[in-house]
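Atoms considered below: every heavy atom in the structure, side chains included; atoms not considered: hydrogens, waters and symmetry mates.
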Amino acid sequence: MSLLSDLINLNLCETTDKIIAEYVWIGGSGMDLRSKARTLSGPVSDPSKLPKWNYDGSSTGQAPGEDSEVILYPQAIFKDPFRRGNNILVMCDTYTPAGKPIPTNKRYNAAKIFSHPEVVAEEPWYGIEQEYTLLQKKVKWPIGWPIGGYPGPQGPYYCGAGADKAFGRDIVDSHYKACLYAGINISGINGEVMPGQWEFQVGPSVGISAGDELWIARYILERITEIAGVVLSFDPKPIEGDWNGAGAHTNYSTKSMRNDGGFEIIKKAIEKLKLKHKEHIAAYGEGNERRLTGRHETADINTFSWGVANRGASVRVGRETEQNGKGYFEDRRPASNMDPYVVTSMVAETTILWKP
């Protein structure tokens with residue numbers, strides 16, 4: 001092992017009680033994850049015990065240069081799979097020095113919705129299917145694809161195995177284990193329909209934790225692809241033409257839906273989603289119109305539809321849910337670059353709080 005590897009893998013617990021906390025936040029584009037580290041005097045497991053911190057918001061597109069300080073509020077703690085030991089990753093949201101959430105802080109409003117007594121009583125569960133594409137660093141073309149050319153048509157790649165069908169499995173499996181180590185409720189992975197495209201699932205997670213866990217899972221994936229020299233893309237349609245896009249299908253249920261008679265509650269919730277279709281689409285990810293075309297297992301962006309076991313619908317109800325008369329449904333509209341704080345809280349607000 002090289003000296004550099006030795007140093008990276010130093011076990012701090014052998015010589016000091018001090019730990020490293022990597023503060024993670026979302027930058028001005030809404031998709032650019034940022035982070036910086038600080039030393040703490042000892043292990044911490046409660047985010048309220050962590051100090052607030054600040055950063056230069058003028059460098060992230062979140063504040064003017066003449067008043068550039070943005071304050072980080074620690075909100076959730078995860079084990080750090082890179083530094084290991086007692087070191088942690090800290091999911092933060094962002095505020096002005098006066099304590100007001102800055103405009104790009106989507107967690108703040110989501111937390112208000114999830115703390116509403118009616119929402120708390122319904123215990124909303126989420127399972128988010130995060131699709132993404134791995135790109136060759138120098139040419140920004142999917143890994144496994146010939147540079148400037150195309151592989152064979154879709155068919156053998158979905159959940160496929162083999163050097164000519166699965167590209168990037170080492171990255172995907174590293175990410176899977178790192179998320180489990182971190183304490184993220186990652187529930188599975190699979191190769192997707194387009195070669196070079198993969199999916200991981202986070203959940204079931206309750207309320208605001210679904211957003212915290214998905215953002216940290218994205219951060220860990222960014223760090224792993226950085227190490228591997230591969231570019232991570234959440235573009236909802238990275239390759240134009242007869243290729244599947246990338247979504248973030250959001251599975252959802254409430255306590256009422258999971259109890260006997262829940263299918264009737266599900267149908268009422270879907271009707272509410274239909275009435276608010278335009279508002280949801282507007283918040284479900286940039287460039288989603290390139291993906292939601294009515295082809296490649298999507299519904300047309302302008303038309304709301306639902307069906308049992310129908311992957312061409314806006315909302316899919318599983319066959320098992322229909323048979324049991326209770327369960328969950330899947331909102332297939334969110335794009336891969338959606339903000340999980342926005343989508344999860346919006347679904348809860350529409351289906352639980354909104355009275356049409």
Side-chain angles (χ1 to χ4, degrees), residues 31 127-136 139-146 148-162 164-169 172 188-202 214 218 221 231-252 270 273-274 277-278 280-319 329-340 343 347:
M31 277 302 291
I128 302 173
E129 305 171 29
Q130 176 69 72
E131 295 177 344
Y132 60 93
T133 309
L134 299 173
L135 304 176
Q136 300 171 53
V139 294
K140 302 293 177 70
W141 199 239
I143 63 171
W145 291 39
Y150 296 86
Q154 295 181 159
Y157 311 108
Y158 173 68
C159 296
D164 58 343
K165 293 180 278 297
F167 311 113
R169 192 184 296 277
V172 175
I189 57 168
N190 61 268
E192 265 306 325
V193 177
M194 190 182 85
Q197 199 170 80
W198 294 81
E199 172 184 300
F200 66 88
Q201 302 96 33
V202 167
L214 189 70
R218 285 174 170 178
L221 186 55
V231 173
L232 172 62
S233 172
F234 291 113
D235 190 297
K237 186 71 174 179
I239 304 295
E240 295 300 321
D242 197 18
W243 303 96
N244 274 36
H249 303 151
T250 301
N251 299 275
Y252 170 71
I270 291 173
L273 291 174
K274 178 181 179 180
H277 178 63
K278 285 186 179 179
H280 280 254
I281 286 294
Y284 273 18
E286 189 176 343
N288 209 11
E289 72 283 351
R290 293 183 283 116
R291 168 181 161 262
L292 295 180
T293 61
R295 300 182 64 217
H296 306 108
E297 298 182 291
T298 70
D300 180 79
I301 194 168
N302 298 309
T303 307
F304 183 90
S305 60
W306 77 276
V308 175
N310 183 359
R311 282 180 163 77
S314 308
V315 170
R316 180 185 68 88
V317 174
R319 189 71 69 190
F329 66 83
E330 174 193 42
D331 190 341
R332 296 180 60 80
R333 297 171 297 171
S336 50
N337 60 358
M338 64 82 157
D339 187 324
V343 170
V347 169

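The aromatic rings of W243 and W145 sit tilted, their planes meeting at an angle between 30° and 60°.
Nearest heavy-atom pair, R332 versus N310, reported as atom, atom and distance to 0.1 Å: CD-O, 4.3 Å. Of all heavy-atom pairs between P142 and P195, the closest is CB-O, 4.1 Å. Taking both residues in full, the closest heavy atoms of G312 and S305 are given as O-OG, 4.3 Å, listed atom of the first, atom of the second, then distance. Residues N288 and P334 approach most closely at ND2-C, 4.3 Å, considering heavy atoms. Taking each heavy atom of P238 and Q197 in turn, the nearest pair found is CG-NE2, 4.0 Å.
For the pair L135 and I143, the minimum side-chain heavy-atom distance is 4.5 Å or more. Using a 4.5 Å heavy-atom threshold, the side chains of L273 and W306 count as separate. Side chains of M31 and F234 form a contact here, defined as non-hydrogen atoms less than 4.5 Å apart. Side-chain contact check for F329 versus T250: every heavy-atom pair is 4.5 Å or farther apart. Contact annotation: the side chain of P236 never approaches that of E131 to less than 4.5 Å [non-hydrogen atoms, C-beta and beyond]. In this structure, N337 and Y132 have side chains that are not in contact, with every pair of non-hydrogen atoms separated by 4.5 Å or more.
In this structure, D300 does not pair ionically with R295, as no charged nitrogen and carboxylate oxygen lie closer than 4.0 Å. At a threshold of 4.0 Å, the pair R290-E240 counts as salt-bridged, since one of the basic side-chain nitrogens sits closer than that to a carboxylate oxygen.
The CG atom of D331 sits 11.0 Å away from the CD1 atom of I128 when rounded to the nearest 0.5 Å. Atoms OG1 and CE, on T133 and M194 in that order, are 4.0 Å from each other to the nearest 0.5 Å. Atom-to-atom distance recorded for S336:OG and E192:CD is 11.0 Å, nearest 0.5 angstrom. Note that the CG atom of L232 and the CZ atom of R218 stand 9.5 Å from one another [nearest 0.5 Å]. In this structure, CZ in F304 is found 14.5 Å from NZ in K278, a value given to the nearest 0.5 Å. If you take NZ on K165 and SG on C159, they are separated by 13.0 Å, rounding to the nearest 0.5 Å.
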task: Take E129 and N251, measure what side-chain hydrogen bond (donor to acceptor under 3.5 Å, both in side chains) needs, and give me the verdict at the end.
output: CA-CA 8 Å; E129 305 171 29; N251 299 275; 2.9 Å; yes
Would you please test R333 and I281 for side-chain contact (heavy atoms from CB on, under 4.5 Å) and show each step? CA-CA 7 Å; R333 297 171 297 171; I281 286 294; 4.0 Å; yes
Apply side-chain contact (heavy atoms from CB on, under 4.5 Å) to the pair K237 and D235, showing each step before the final yes or no. CA-CA 6 Å; K237 186 71 174 179; D235 190 297; 4.2 Å; yes
Using side-chain contact (heavy atoms from CB on, under 4.5 Å), reason through L134 and V231 one step at a time and then give a plain yes or no. CA-CA 6 Å; L134 299 173; V231 173; over 6 Å; no
Going through the distances and angles, do Y150 and W141 end up as a ring pair (Phe, Tyr, Trp, His ring centres under 6.0 Å)? CA-CA 10 Å; Y150 296 86; W141 199 239; 5.5 Å; yes
Practice prompt. Before giving the answer on side-chain contact (heavy atoms from CB on, under 4.5 Å), spell out for I189 and W198 the whole-Å C-alpha distance, their side-chain angles and the decisive distance to 0.1 Å.
Written response: CA-CA 7 Å; I189 57 168; W198 294 81; 5.6 Å; no
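N190 and Q201 are linked by a side-chain donor-acceptor pair at a separation below 3.5 angstrom, with hydrogens and angles left out of the test. Side chains of R316 and H249: a donor-acceptor N/O pair is absent below 3.5 angstrom, by distance only. Residues H296 and D242 bring a donor and an acceptor atom of their side chains to less than 3.5 Å of each other. Between the side chains of E297 and N244, at least one donor N or O sits under 3.5 Å from an acceptor N or O.
A donor-acceptor pair is defined here as one N or O able to donate and one able to accept, closer than 3.5 Å; such a pair exists between the side chain of Y157 and the backbone of G152. Listed for the H277 side chain is a donor-acceptor partner under 3.5 Å among the backbone atoms of I301.
Taking a 6.0 Å sphere around CD of Q154, one finds it holds more than 12 heavy atoms contributed by other residues, nucleotides or ligands.
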